[in-house]
Colleague: 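Okay, here's the structure, questions in a sec.
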Amino acid sequence: MSDNLSQLIRETVAKGYQIEPKAFNLMREISESVDLSALIEEVIKRKGDDKTIRMEDIEQLIRREEKEAVKEIVCEIKEPPNFKILLNITKLKTASGTTGYQRLFSSRYRKLLNLVKRRVDSSNLHTIAEISGERSTRVAGLVYSKNVRRGSATIVLEDEAGRVEAAAFDPSVVKSIQEIPLDSLVVATISSGKRNTFIVESINLPDVPEHIPNTSKKRVFAALTSDLHVGSKFFLKDAFQAFIKWLIRREDEAAARLRYILICGDAIDGVGVYPNQDKELETADINKQINELTNLLAQIPTNIQIFICPGNHEPVRQAQPQPPLTGSFAEPLTRLPNVHLLSNPAWLEVEGVKVLMYHGRSLEDIVATTPGLSVERPALAMKSLLRARHLAPIYGRRTPILPAEEDLLVIDEVPDIFHCGHVHILDSERYRGCLLLNTGTWQMQTSYQVDMGIVPTPAILPIVDLSTLQVITLDFSKPERRQQGLAQTHPE
Ligand code: D5M
Ligand code: FE
Ligand code: ZN
């Protein structure tokens with residue numbers, strides 16, 4: 001026990017007061033963090049004839065102190081929100097048929113090539129047609145196909161004018177080929193092997209440079225979430241309602257500082273998304289689902305800005321990029337002054353912090369084709385997308401992609417926060433200064449997920465302090481909410 005504490009206890013007893021053991025323990029616990037002698041003085045002032053100091057007497061005052069602090073925070077952040085919608089794809093020039101996809105891939109190639117040229121010394125970057133048998137040639141090409149075996153791999157690269165097949169035997173190059181998503185752009189050094197064959201000496205994705213993230217000057221928080229699935233029998237309405245109650249009550253600092261909510265797709269469950277979905281729906285009427293979502297969001301204080309992008313359960317075009325909800329489906333939500341309907345993907349700047357929102361359908365294709373990756377660690381699959389600088393590189397598997405004149409799924413800029421959902425598992429990573437966050441779900445495990453062996457992490461909400469990009473999580477799945485730093489789950 002500290003000298004100050006013993007002194008304080010002696011003085012209190014000398015004044016004729018008794019201290020209950022529980023109160024004494026609490027005093028010891030908090031003696032480092034509060035001005036205990038001022039606190040006991042206040043307790044005595046309130047006691048009257050009762051000469052016993054109980055735990056409750058002290059607790060009441062601490063709570064009041066906390067409340068005062070929260071009130072102060074609320075006053076402190078009274079400036080208007082500071083955000084910009086940097087990319088919201090509402091209109092897109094489509095190109096139909098096979099020429100459509102040719103144009104899309106040619107746009108992808110050119111955009112990623114320009115990005116690579118900004119990053120690396122491009123003076124010796126050649127076209128595939130320029131590969132010579134005499135010396136090593138550095139080329140940029142899209143991965144047309146690849147075949148990885150034990151100890152070796154072959155890869156076919158193509159650019160606008162040609163194709164080349166090359167083999168790799170170096171274990172680190174074979175590993176790189178294994179990790180590189182199909183249809184992404186790579187920079188490879190190709191040399192000639194025996195009998196007119198080519199060898200891959202090195203191969204790299206465009207990647208991101210080491211990045212110093214932008215942060216907010218104000219200590220303002222943003223809740224990043226996804227996959228509510230309102231309308232599903234498995235939507236955890238009580239847990240979501242507990243989150244809203246927590247927001248309204250503002251009894252702790254995170255709630256008081258929260259100014260933004262980002263919902264990264266699958267806000268509603270929709271209809272006809274998977275076979276026999278109707279058996280798992282609370283309501284099969286999309287308008288009713290949207291009304292219920294609107295009613296929930298309407299309870300959120302209007303000084304909190306809410307951004308919503310669609311996922312594969314929303315009634316919009318499934319081919320990506322997906323437009324924002326529109327027409328009668330959007331109407332109830334647009335009546336809320338603080339709701340902003342965005343496309344998938346969308347770019348957002350909140351308090352100076354750049355956020356890339358993308359629902360994450362392509363994560364399924366990444367984990368299905370990359371050995372070592374799984375849905376349990378979606379943030380690692382997100383890292384693959386970021387390194388490929390493309391949100392859905394793999395063409396022709398589960399992710400429908402719209403043939404368009406411009407490939408808007410290229411990640412042109414380095415985001416400070418890359419936000420995805422879809423896999424229903426909360427996960428985070430830091431990669432070269434970027435925060436990668438997959439934000440889980442508010443839906444219990446569905447029978448489909450039981451069959452697929454997907455174990456979701458429902459009702460755990462990550463909240464980002466925009467001034468530091470540190471993440472805390474709040475668990476609303478239990479009545480006893482537990483707060484913890486996300487860094488504890490996956491240390492950097
Ligand atoms: O996706 C919820 C989860 O289910 C997520 O982990 C992807 C997985 N999922 C969704 N659709 C499919 C198909 N067709 N095959 C395999 N796995 C799938 P959600 O978008 O919420 O339904
Ligand atoms: Fe979902
Ligand atoms: Zn989804």
Side-chain angles (χ1 to χ4, degrees), residues 224-237 239-240 262-282 284 286 289-290 292-293 296 308-325 342-346 357-370 373-382 384-385 391-392 394 396-401 409 418-427 437-462 477:
L224 273 58
T225 190
S226 56
D227 298 273
L228 277 62
H229 292 267
V230 173
S232 160
K233 281 182 182 161
F234 300 100
F235 169 50
L236 292 166
K237 189 173 178 177
F240 197 76
L262 278 57
I263 301 176
C264 203
D266 288 358
I268 57 165
D269 207 49
V271 295
V273 181
Y274 57 89
N276 298 319
Q277 185 195 10
D278 49 331
K279 295 192 184 76
E280 304 192 329
L281 285 175
E282 199 68 58
I286 295 196
Q289 296 182 0
I290 299 226
E292 194 186 339
L293 173 71
L296 285 166
I308 308 174
C309 77
N312 51 311
H313 283 253
E314 266 77 15
V316 294
R317 178 186 67 221
Q318 287 302 298
Q320 296 169 13
Q322 294 181 280
L325 278 173
L342 305 178
S343 58
N344 172 41
M357 289 174 82
Y358 170 62
H359 179 60
R361 187 85 209 248
S362 66
L363 296 172
E364 277 177 53
D365 295 334
I366 293 286
V367 299
T369 56
T370 317
L373 290 187
S374 75
V375 281
E376 274 113 66
R377 291 296 323 273
L380 294 179
M382 289 171 69
S384 284
L385 297 181
L391 292 169
I394 304 169
R397 289 183 77 98
R398 293 232 184 88
T399 313
I401 298 171
L409 300 173
F418 180 20
H419 177 193
C420 286
H422 184 60
V423 292
H424 293 202
I425 293 174
L426 175 68
D427 190 23
L437 208 50
N438 198 299
T439 52
T441 183
W442 295 85
Q443 188 187 36
M444 249 161 48
Q445 192 183 33
T446 63
S447 55
Y448 171 77
Q449 288 163 0
V450 173
D451 292 345
M452 300 290 294
I454 296 166
V455 185
T457 56
I460 305 175
L461 180 73
S477 67

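Every number for a ligand or one of its atoms is a count from 1 in the order of the listing. These numbers come from a predicted model, not from an experiment. The figures here come from the full heavy-atom set of this structure, side chains too, leaving out hydrogens, waters and symmetry mates.
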Colleague: Can you tell me if Q277 uses its side chain to pair, donor with acceptor, with the backbone of G272 under 3.5 Å?
Modeller: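 Yes, because the side chain of Q277 sits within donor-acceptor range (under 3.5 Å) of the backbone of G272.
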Colleague: I'd like to know whether S447 forms a side chain to side chain donor-acceptor pair (under 3.5 Å) with E280, so could you lay out the CA-CA distance, the side-chain angles of the two residues, the decisive distance to 0.1 Å, and finally the verdict.
Modeller: CA-CA 9 Å; S447 55; E280 304 192 329; 2.2 Å; yes
Colleague: Quick test: of every protein heavy atom, which one is nearest to atom 22 (O) of ligand 1, and how far off is it to 0.1 Å?
Modeller: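 Here the closest protein heavy atom is H313 NE2, 2.7 Å.
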Colleague: Looking at atom 15 (N) of ligand 1, what's its closest protein heavy atom, distance included?
Modeller: Y448 OH, 2.7 Å
Colleague: Under 4.0 Å from a heavy atom of Q449: which atoms of ligand 1 are those, numbered in the order shown and with their elements?
Modeller: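 By the 4.0 Å cutoff, the relevant atoms are 2 (C), 3 (C).
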Colleague: Salt-bridge test for K237 and E282: reply yes if a basic N is under 4.0 Å from a carboxylate O, no otherwise.
Modeller: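 Between E282 and K237 there is no salt bridge, as every charged N stays at least 4.0 Å from the carboxylate O atoms.
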Colleague: Of the non-hydrogen atoms in N344 and M357, which two are nearest, and what is the gap between them?
Modeller: OD1-O, 4.3 Å
Colleague: Any atoms of ligand 1 less than 4.0 Å from a non-hydrogen atom of V423? List them with their elements.
Modeller: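 Near V423, the atoms of ligand 1 are 5 (C), 6 (O).
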Colleague: Taking 4.0 angstrom as the limit and counting only heavy atoms of H424, give me the atoms of ligand 1 inside it, by number and element.
Modeller: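 In order of numbering, the contacting atoms are 2 (C), 21 (O).
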Colleague: Is a side-chain N or O of S226 found less than 3.5 angstrom from the main chain of G440, in a donor-acceptor match?
Modeller: yes
Colleague: Below 4.5 Å, heavy atoms only, C-beta onward: do L385 and F418 meet side chain to side chain?
Modeller: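 L385 vs F418: side chains touch.
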Colleague: Has H313 got an N, O or S atom lying less than 2.8 Å from the Zn ion (ligand 3)?
Modeller: no
Colleague: Please name the pair of heavy atoms, one in Q320 and one in A392, separated by the smallest distance, quoted to 0.1 Å.
Modeller: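 Result for this residue pair: OE1-CB, 4.1 Å.
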Colleague: Would you please classify the geometry between the H313 ring and the Y274 ring as parallel, tilted or perpendicular, with 30° and 60° separating the classes?
Modeller: perpendicular
Colleague: Considering non-hydrogen atoms of the protein only, which is the closest contact for atom 10 (C) of ligand 1, and what is the distance?
Modeller: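 Its nearest protein heavy-atom neighbour is E364 OE2, 3.8 Å.
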Colleague: Once you restrict to heavy atoms under 4.0 Å, what part of Y274 touches ligand 1? Side chain, backbone, both or neither.
Modeller: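 Neither part.
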Colleague: Counting only heavy atoms, which portion of H422 has something under 4.0 Å from ligand 1: side chain, backbone, both, or neither?
Modeller: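 H422 to ligand 1: contacts from backbone and side chain alike.
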Colleague: Below 4.0 Å from ligand 1: does a non-hydrogen atom of N312 turn up there or not?
Modeller: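 The answer is yes: ligand 1 sits under 4.0 Å from a heavy atom of N312.
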Colleague: Are D427 and R377 within salt-bridge range, i.e. N to O under 4.0 Å?
Modeller: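 Salt bridge between D427 and R377, a charged N being under 4.0 Å from a carboxylate O: yes.
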Colleague: Does an N or O from H229, backbone or side chain, lie closer than 3.5 Å to an N or O of ligand 1?
Modeller: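 Yes - when backbone and side-chain N and O of H229 are compared with those of ligand 1, one distance drops under 3.5 Å.
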Colleague: Against L228, only a single residue in L296, L293, T441, D266 fulfils side-chain contact (heavy atoms from CB on, under 4.5 Å); can you say which?
Modeller: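 The option that passes is L293.
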Colleague: At distances under 2.8 Å, what protein N, O or S atoms surround the Fe ion (ligand 2)?
Modeller: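 Checking every protein N, O and S atom gives D227 OD1, H229 NE2, D266 OD2, H424 NE2.
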Colleague: Please find the pair of heavy atoms, one from P462 and one from L437, that lie closest to each other, and give the distance.
Modeller: CB-CD2, 4.3 Å
Colleague: Just give me the atom name: the N, O or S atom of H422 closest to the Zn ion (ligand 3).
Modeller: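 This residue's closest N, O or S atom turns out to be ND1.
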Colleague: Considering non-hydrogen atoms only, spot the tightest contact between P456 and Q449 and give its length.
Modeller: CG-OE1, 3.8 Å
Colleague: Quick check on side-chain contact (heavy atoms from CB on, under 4.5 Å): which of V367, I366, V455, N438 does V375 satisfy it with?
Modeller: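 Testing V375 for a side-chain contact (heavy atoms from CB on, under 4.5 Å) against V367, I366, V455, N438 leaves exactly one candidate, V367.
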Colleague: I'd like to check which ligand 1 atoms, numbered from 1 as shown, lie under 4.0 Å from a non-hydrogen atom of M452.
Modeller: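 Those of ligand 1 that fall under 4.0 Å from M452 are 16 (C), 17 (N).
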Colleague: I'd like the atom name of the N/O/S atom in D266 lying closest to the Zn ion (ligand 3).
Modeller: OD2
Colleague: Going by atom types only, do T439 and H419 share a side-chain donor-acceptor pair under 3.5 Å?
Modeller: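 Looking only at side-chain atoms, H419 and T439 do form a donor-acceptor pair, the distance falling under 3.5 Å.
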Colleague: How far is atom 4 (O) of ligand 1 from its nearest protein heavy atom, and which residue and atom name does that atom have?
Modeller: I454 CD1, 3.7 Å
Colleague: Numbering the atoms of ligand 1 from 1, which are under 4.0 Å from a heavy atom of D266?
Modeller: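 Contacts of ligand 1 toward D266, numbered from 1: 19 (P), 20 (O), 21 (O).
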